[in-house]
Amino acid sequence: MPASVARLLRLVALLAWSLIALVVTANGATAERRVALVIGNSNYRTADLKLTNPKNDAEDVATALRKLGFEVLVETDSNFSDFGKALQQFARMSANADTSLFYYAGHAVQYQGQNYLLPTDAEVKDDIGLQYETVRVDDVRAALDRTHGIKIMVLDACRNNPVSARLVKLPAPQEDIPEPTSRTRGIGRIDKSEGLIIAYAASPGDVALDGQGRNSPFTAAFLRRLAQPGLEIETLFRRVAADVVAATHGQQRPETYVSLVSDYVLNQSDRFAWNKIKDSDDPASFENFLKRFPSSYYGIEARYRLDALERALDQHKQDVLRAAEKRALAAAAEAAKACKEDQAKLEAVGPRDADALQALIDSKPCDKVKAAAQARLAALRAQLLQEARACRRDSAALEALGPQDEAGARDLMAKTTCATVRDAARDKIAAIAADRARQAQICQSENSTLQGLAKTGTRADIDAFRKKAQCPATIAAAWQVIRELAVADAACARDNAALAAIGPNDGDSLRALLNRTSCNNVKETAQARLTKLEAVHAKEAAACRRDEDLFKGLAANSGRKDLQALRGQIECPAVLAKIDKKLSAIATACSQDEASLDLVAPDNRSALEDMLGKTTCAEVKSAATARIAALDRKKAQQAAACSQEGQQFAALQKKGADGRVELATFEDKLTCETLRPTVQAALEELDKAASAAVNSPVQIRTAQGELKRLGCYAGSLDGLLGPSTRAAWTQYFEHRGDAKEAKMEPKINADFIGTLKQQKSRVCPLVCPNGQIAKEDHCVPGAIAHEEETPRVRAHRESRPPHHAREHRRADDKPARKRETPPHARDVARGGHSRSHGGGGGGGSGSGGGASTALGVGF
């Protein structure tokens, strides 16, 4: 919009805006602080007071108030204590607030002119309970009165409840209160004050409905109207009342009390929208505002501003149209003149000047010239595009050529239509020629340097030159020189090695090396050694003849010691060499025989004897003889050990199952390996027989030992299934609590013995005679024996016959062999007796019970 029009619109609206400037300033100058306490009680402790919707109502109202800028404290299912704490906090919040709002959904009653809100734990049975278990509405009023601004109380209460019914039945009050206000249903009217708005969900004395949906009818209407911006609060509650009456078909009629000196709006979202557009010059802004907020307080001003802007725009349009007609005539003449000038500019543009054509089009010429220029530009661009493609193709072909491909560059330069490619190909051809000339100059210089190095330089010098060289031919020639020098160096190295290998007295080898070598330093060294050798040979000739005679006089089969003794007398190197050669041969033979001896197995006597017959080495003969002697000694020892262990095995086999443990110990300590398989087979046979046997003497003897350890057997380990052993069987199972097994015929096998061995502690208790007491596992003299006996032992002792004479042993109770009784068992035998039904030493009848007498069973 032009600046002149904008100024005109602002002048038109200035007067109207100044009329409400103070109001707008007051509404938007400072941010309003709003606080709210929202309480919804559904789950009352008393079953017939429970409600469905108050909790939902409170949560939804709290959400709606937060959207409107309220600082909300919300409590649901609040008991008396929580209700009081929330009210206390709300009073503190209200002290500095511009608006305070209290919302309550739940049970409430009116009694004697006072209104009471019911916490969830209220159990009102009479008027006294009403005073101490409910929250007075006057206390809520007190918290609201701390606010100096707007105070709002919304009571969606007065639902029909049994509390009202109980209070109605109470006797008439003694106070001088009119009867109609003393007991009623619902909530009575609350005293009014300045700046207070009270919204009742129902008329005073009537009950509010809980509703069938998520919210009560009143709260549903309240939430719906809260969402409408710009509703003045009295209008808002008036519309809420109308909605509730319609929804309940007249059964519920809300009532509102308003005591305000100015308008107040709960949902002020229209004010924030208005502040954004109030200075706008765009009519669409005000039209949109009126559509969004048709009930807004600012609607009149918005409509006035819109009308003023539209009138100003209409006037401006008329002025513009008149001016436009004048300008159109002048513009037509000017356009015709300008078009002729544009046509002249187009004709002046060169045939390939695309930039000039584009500049002419951008200068906005007349349509005719513009169309012609665009057509020329399109054709030129198509032509340039085709040329560019050809240039890119030829440029790619040029780049694909090798760095020295002069023929390819010349061929491309002849065929291309692209000037840049042609120039680039020409430059490449020139560069190739210049590089070829430079390379030829470099090769000439480097070849001259290489020739000089080949005559005087070392292989390292030539290799260093090769690494720096640039001419391929020179590099190849340098490699050839390096290879030739390497061959020469290798030959000198071989000759040096051959010279070093020649003995100090080998004149013939020195002469042969001098004849074939071409290495100067080898020649010089070999010649010096040969001259010195020839002088020495002349001196040694006489000594060699003497020493040769001594060597020839030595016996042909002389040993190493004789040769070494002769060597100490010899001076002639030739003779020394012969002696050393013979000594070396002897040493080699001994070394081979020693290696062969090492490979012979330690117990291979025949191989040792064969080695002893073949070797000529004294040391090998001595070692072989010693090993044969050691084998003879070991064989004699093994034969003696096997004979002795064979006798022991035969003795253990005669014991049969009784010798099983000793036989296993014998097998662990066995040294005669030829006997071991036989011993292992005997052990396996004994194990098979033992696992299948029942009540064998060995098994009975083992079980007797274990039963004695457990305190259930006091007899000897005779291996017989006699009365005492049977009594021990019975006593063991009785004390284990297995009465059925105790009565069965004893079956002593490996499983039973294994079970006994797993038992770590005593099973059968120690029973002592009169005058003695049990102390640990022994019977000891005691002054008062009965006081230390257990009740079970005492009852058993008292049930025994008075006579405990020792009876004759039966034949099957006699021990198989005499065993020495352990010291602690002998001590017990002198003073203890067994239980009457236990396996003692007496020979009672039956299963070992009755009046048999036995030794004590401690150990």
Side-chain angles (χ1 to χ4, degrees), residues 342-365 369-454 457-486:
D342 292 337
Q343 183 64 37
K345 293 178 181 178
L346 175 60
E347 293 172 355
V349 174
R352 297 178 62 84
D353 195 348
D355 293 338
L357 287 172
Q358 185 62 53
L360 179 60
I361 294 170
D362 293 340
S363 67
K364 298 181 180 180
V369 174
K370 183 177 181 180
Q374 289 175 337
R376 278 186 58 183
L377 180 61
L380 177 59
R381 284 178 175 172
Q383 179 184 351
L384 294 176
L385 178 61
Q386 185 177 2
E387 293 175 355
R389 288 173 180 170
C391 283
R392 284 195 298 272
R393 183 186 63 248
D394 294 343
S395 178
L398 180 63
E399 291 178 358
L401 295 176
Q404 300 298 323
D405 191 355
E406 181 178 359
R410 291 185 180 280
D411 182 62
L412 184 62
M413 185 176 68
K415 291 190 300 184
T416 187
T417 59
C418 183
T420 55
V421 174
R422 188 181 301 108
D423 294 341
R426 186 181 296 107
D427 293 342
K428 185 177 183 68
I429 293 169
I432 291 172
D435 184 66
R436 188 182 299 114
R438 182 180 62 82
Q439 192 69 24
Q441 185 178 1
I442 291 173
C443 287
Q444 183 179 1
S445 174
E446 290 180 348
N447 282 333
S448 176
T449 304
L450 178 60
Q451 290 175 5
L453 285 174
T458 65
R459 187 169 52 171
D461 296 336
I462 296 173
D463 191 52
F465 169 76
R466 176 191 63 78
K467 293 178 180 178
K468 296 179 181 179
Q470 299 179 23
C471 179
T474 304
I475 293 172
W479 271 118
Q480 181 61 32
V481 174
I482 290 171
R483 284 192 289 272
E484 292 173 356
L485 288 177

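All values reported here derive from a predicted model rather than from experimental measurement. Along the sequence shown, the residues carry numbers beginning at 1.
Residues passing the salt bridge (charged side-chain N to carboxylate O under 4.0 Å, His left out) test with Arg389: none are found, sequence neighbours excluded. With sequence neighbours left out, the salt bridge (charged side-chain N to carboxylate O under 4.0 Å, His left out) criterion links Arg410 to Glu406. Looking at residues two or more places apart in sequence or on another chain, you find a side-chain contact (heavy atoms from CB on, under 4.5 Å) between Arg422 and Met413, Thr416, Ala419, Arg426. Scored by the side-chain contact (heavy atoms from CB on, under 4.5 Å) test, Asp411 finds Lys415 as partners (sequence neighbours excluded).
Between the side chain of Glu446 and the backbone N or O of Ala469, no donor-acceptor pair lies under 3.5 Å.
To the nearest 0.5 Å, atoms CZ (Arg381) and CD (Gln358) are separated by 5.0 Å. If you take CZ on Arg392 and OG1 on Thr420, they are separated by 11.5 Å, rounding to the nearest 0.5 Å. A distance of 10.0 Å separates SG of Cys443 from CZ of Arg438, quoted to the nearest 0.5 Å. Here the CD1-CG distance, from Ile475 to Leu450, works out to 11.0 Å after rounding to the nearest 0.5 Å.
The minimum heavy-atom distance between Leu377 and Ala354, with the atom names listed, is CD1-O, 3.7 Å. Contact record, Val481 with Ala454: CG1-CB, 4.1 Å, taken as the closest heavy-atom pair. Between Leu485 and Thr458, the shortest heavy-atom distance links the atoms CD1-C, 4.3 Å. Closest heavy-atom contact between Leu398 and Val421: CD2-O, 4.2 Å. Between Leu346 and Arg376, the shortest heavy-atom distance links the atoms O-NH1, 3.0 Å. Looking at every heavy atom in both residues, Ala425 comes nearest to Ala409 through CB-O, 3.7 Å.
You'll find the side chain of Gln439 reaches within 4.5 Å of the side chain of Pro472, heavy atoms only. Between Ser363 and Leu360 the shortest side-chain heavy-atom distance falls below 4.5 Å. Put simply, the side chain of Gln441 does not reach to within 4.5 Å of the side chain of Ser445, judged on heavy atoms.
Under the salt bridge (Lys or Arg N to Asp or Glu O under 4.0 Å) criterion, the residue pairs touching residues 351-365 are Arg352-Glu387, with sequence neighbours excluded. The salt bridge (Lys or Arg N to Asp or Glu O under 4.0 Å) contacts involving residues 457-485 comprise Arg459-Asp489, Asp463-Arg466, Asp463-Lys467, where partners must be two or more places apart or lie in separate chains.
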Exercise. Dump the intermediate steps for side-chain contact (heavy atoms from CB on, under 4.5 Å) on Gln404 and Asp435, then the final yes or no.
Key: CA-CA 9 Å; Gln404 300 298 323; Asp435 184 66; 3.2 Å; yes

